[in-house]
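Below, chains carry the letters A, B, ... as their sequence lines are ordered, and counting in each starts from 1.
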Amino acid sequence: MNAASIATAEQFAIEVVAPLVERPEVVLPRADVVSLIEQAAGAGLTGAGVEPDALRALARVNGGVAFGVHRAALAARSCERLGLDGEAVSLTGHYGLGRDALPRLLAGRALPGQDVGLLTDYFDLTRARVVVGADWQSLIAAGFDGTSIVWRSLVRDECNVVVASDAHGFDELETTLVSSEKGSGVADTDAHVEAMYRDMLGMLAVATGLAEHALEIARAYAAQRRQGGQTIEGFPAVQQMLAQISATARAGIQQLAWFAAQPPDLEGLTELCAARSHFHPACCLATNNAIQVLGGRGYMQDFGPEKLARDANTLRVLAGTPVELQLFVAEMERAG
Amino acid sequence: MSESGQALEGFVAASSPLSTRTAFKGLGPTVRSLIPSDPESLWELDTQRLPAPHAAIRRRARTFAETVIAPVAMELDLAPQPPCGEMHPLMRQVLSKASKEGFMSDLGLPPPLGRASMRAGRNPVLAIAVKVEEFARACGGLMLNIMVPALGQSPILLSGDLHAYRRFLVPAYREMKAGEIHPFSFAITEPTAGSDVEEGHGASVYTPGMVAKRVDGGWSLSGRKRFIGAGDLSRTVSVFAALEGEGMESWTCFVVQPPTPGYTPLRKEHKLGMRASGTAEIELTDAFVPDENVVGGLRLGWALNRVTLNFSRIPVASMSVGFARAAMEIALEFAGRTSLGGKRLVDYQEVQLMLAQMVAETSAIRSMVWEQASVFVPRQGAASMTKLYCTDRALEVCNTAMDLMGNHSLLHANRVEKAWRDARLPIIFEGTNQINRLAVIEDMQEEVLSKCRP
C-alpha cells in the first residue's frame, strides 16, 4: 500500500473535488470530470493503476469522479501493457460476463464448440455494448478471435456511438452504447485477466467509498433528527440500518486490503468475483438504508443518498451482475 | 397464447406426451375440468380470481393505463417539474381524461356524480388497489397524481360528516364529471415531523408545527407542511393542525381551498422517482379557515389521520405490486428479444430462475394485497403489514429485473431503472416501513401484553 498516494488522494478529494460537488442535485459537468481526471493524473494518482484506497477516498466524496478516474487509469494501464492507444477501455461484451465459457477461456482449458460460439457472439463488436466512463475519443475493446482475447483500438469517429442520456447512475459520466466493425487486434488473453482484476478491484473500492459516504450522511442525520422526543440514532430501527451500512463499509475496507496485496491473476480474479457477488448487493442495501434513515429527505436529490443508491446499483450491474459472477466462480470451482 | 411445437431450452414442447398440456388430455373430462392446464396469461388468471365488479375495474384501468398513461410516461419522467402552481400540458391531458373517466371520483360517491361502484363498494379498498396496480405499472408519477385526490378526500369521506360531503365533495365531483381537474391533497407531514405525525408515541411528545388560532367565525392557521402531493395545485387540501396551546391530541382536520390568502406553495421537490408528480412544501400564514371547514369536529383530526392511513396503506402496497409487475414484464420482454451465443436469454436457466422468482414474488404480494383489501376498511395492523412487506419485496423484484438485464438496465429507455426509482418511494411514504412495523405491534398490543409475565 502506498501511503503517500492515499494521502494525496484524500487531499485531492477534499480540496479539489468536494467544493465542486457540494450540492448533490447539481450534476458535475463532464468537462469538469475530464479536468479532474487530468489533475488526478498530474498529482500522480493514476500512474500504473490506482491504489484502491485512493479510489475509496475519491468515492467518499463523489462516486462518478472516482469511477471516471478508475476507468481512465485502467485504460492507461491496459494500453501500457498492450502497446495500444485508448482513453477508455471496454472489457465486457454486449451482455453478461461470458457465462461459464469465459472462465474456461481464461483458465486455458479446451473450449467446446458452443463456448467458441458464445464467446464469439459475446465479444462481437458489431453488437452494441454498454460503456460507462468519462468522455473519450479512443477506446480499446476486448474481442475474441476463436482462441484468444483480442484487443482492438478504436477511434470514436469509427464507432457507432449512441449516447444514453439520463442513465441510472454516475450522472457525471457518459453512458454509451458502442459498436464497431473496425479495428485491428492484439491477442493477449492474460491481459484480460489482469484488466478484469484491476477493474473489479477498482469497482470494489468505489463501492466501499459509497458505503462510507452513506454512513457519514446517515450518521450525521440520525444524530440531529428528532422523533419521539429524542434523536433517532437512539432507536434500534435506525441503529440496525446504521450498523448494516457500517458493516458493509468495514467489510469493504478489509477486502480491499486483501485484494490490493494479491497478484492480478486468475485465482485472484475468481476470489474477486466471489467477493463482488456478495458485496455489491450489500452496498446497494447500505445506500438504500441511508435513504431510509433520512426518510422523505432521503428520496430527494438535494440530500445525497439517492445518488449513492443509483451509483451503487450501477456498480452492481457493470462487469458482471451477482448472478453472472456466481457463474464465473462456479465454473472455476468445477475446474479446480 | 396458443400451443405450438416450440419449447424453451430445458423444457419439452406442449405437444410432447411428457408435457402436462398433452398428458392431462388423457384424463377423463371430469378430472380435466378440475385441473386447469390451458395456457393463460398471468394477468388473465389473476383477473379471473377477482369478484366481477373488481375484474371489470381492472380491465378498464389497464386499458386506460396502456392508452393514456404509458404513452407519455417516459417523457414526463424526464421533463422538469413546472414552477409551483403550473401543470405540464401532458399531465393536464392525462388528468382531464382520468377525471372524465371517473378515475378521480370513484372513491366515495356513487353515480350520477361519482364513479364508485355500489357492488364494489363493499370492498372499496380492493377496488382502489386493482386500479392502482394498473396505473403504477404504467407510470408511478402519473399514478400518484391520479391517486393523490383519493388520499385528500379520504379524511372527509371517513369523517361521516354529511355537511362536509355536501360542501367539499359534491361540488368537486360535479366538476370532475365535466372533465375538470380538481386535485385534493392530504397535508400531515411537517418539516420537523414525519414519523411523529404517524404514530402515537412520537405524537405524544411532539410540539405541533401547524397551529390553529381561534378568530371570529373560524380559525387562523399558521405553519408549514412538507412532502405534500400536488400541494401547489390542489384546490381542496385537508390540513391537519393542533389547536393553539394544545398538543397533538387536539389535531383537527381543516379544509383549505386555495387560492386563499395566507396559503403559499414554497417549492417543489427534486425526487429520485415518481418524477411526473409534483411534491410541494406549503406554508400557511394566518390563513383563515371558516368554522364550517372543520371536518368531523374539533380534536378528531388524529383519528381521521390514522384511519385514513389504514385506508390508504393497502393501495400503497398495491402500487408496489404494479412496479414489481412492470419490472418483471420489462425483464421478460428483454429476455425474449435479446440473444447471447445464438440463444435467447430466456433459454438460459439462470434467466429462467430469475423470471420465476420475480413472478412468484409479484404474485405473492398481489395475493396479500387482495386478501387484506377484502374488507370494508382494513384495520391498522393489516394495512401496515401489507404496506411494509409488499413494498420491500417489490424493490427486490426490481433489483432482480435489473440484474437480469445487466448493464442494459442502466439505460433510461429500457424503463426498468424507472420502475426501481418509483418502487423506492412507497418504502418511505405513508409511514416508513420501520414505523409501519411498529404500527403492527401497536395494533396487537393487548395480545402482546397478555403474554407478559408477571
Mind ranking R225(A), H168(A), K307(A) by heavy-atom pairs under 4.5 Å with chain B and telling me who comes out on top?
H168(A)

For M405(B) and I330(B), what are the C-alpha separation, side-chain angles and deciding distance, and is it a side-chain contact (heavy atoms from CB on, under 4.5 Å)?
CA-CA 9 Å; M405(B) 294 171 68; I330(B) 292 166; 3.9 Å; yes

Measuring heavy-atom distances to chain B, does F303(A) have an atom under 4.5 Å in its side chain, in its backbone, in both, or in neither?
side chain

Under a 4.5 Å heavy-atom cut-off, does chain B meet the side chain of N288(A), its backbone, both or neither?
both

I'd like to know whether CD of E249(B) has more than 12 heavy-atom contacts from other residues, nucleotides or ligands below 6.0 angstrom.
yes

Does the side chain of I282(B) come within less than 4.5 Å of D232(B)'s, by heavy atoms?
no

Inspect the contact between R275(B) and E269(B) and indicate whether a charged nitrogen and a carboxylate oxygen are less than 4.0 angstrom apart.
no

Geometric class of the F240(B)/W251(B) ring pair [parallel <30°, tilted 30-60°, perpendicular >60°]
tilted

Go through the atoms of S339(B) and report whether side chain, backbone, both or neither lie under 4.5 Å from a heavy atom of chain A.
both

A319(A) portion near chain B, given a 4.5 angstrom heavy-atom threshold:
neither

Output the distance between atom CG (L242(A)) and atom CZ (F235(A)), rounded to the nearest 0.5 Å.
13.0 Å

Taking side chain as everything from C-beta outward and backbone as N, CA, C, O, which of these in L177(A) sits under 4.5 Å from a heavy atom of chain B? Side chain, backbone, both or neither.
side chain

Is L345(B) in contact with chain A via its backbone, its side chain, both, or neither, using a 4.5 Å heavy-atom distance?
side chain

Go through the atoms of L78(B) and report whether side chain, backbone, both or neither lie under 4.5 Å from a heavy atom of chain A.
side chain

Would you check, one step at a time, whether the test salt bridge (charged side-chain N to carboxylate O under 4.0 Å, His left out) holds for D311(A) with R316(A)?
CA-CA 9 Å; D311(A) 289 351; R316(A) 172 178 170 142; over 6 Å; no

Under 4.5 Å from any heavy atom of chain A - which part of M274(B):
both

Name the region of R421(B), side chain, backbone, both or neither, that has any atom closer than 4.5 Å to a heavy atom of chain A.
both

Proximity breakdown for T175(A) and chain B, heavy-atom pairs closer than 4.5 Å
side chain

Output yes when E331(A) and R104(A) qualify as a salt bridge under the 4.0 Å nitrogen-oxygen rule, no when they do not.
yes

What part of L353(B) lies closer than 4.5 angstrom to a heavy atom of chain A: side chain, backbone, both or neither?
neither

Between V132(A), T120(A), D302(A), I291(A), who has the most heavy-atom pairs with chain B when the cutoff is under 4.5 Å?
I291(A)

Side chain, backbone, both or neither of N399(B) within contact of chain A (heavy atoms, under 4.5 Å):
both

Can we say K225(B) and E281(B) salt-bridge, meaning some charged N sits less than 4.0 Å from an Asp/Glu carboxylate O?
no

Side chain, backbone, both or neither: which part of A203(B) has a heavy atom under 4.5 Å from chain A?
neither

Non-hydrogen atoms of chain A under 4.5 Å away: do they reach the side chain of F429(B), the backbone, both or neither?
neither

Take atom CD of E75(B) as the centre, draw a 6.0 Å sphere, and report whether it contains more than 12 heavy atoms from other residues, nucleotides or ligands.
no

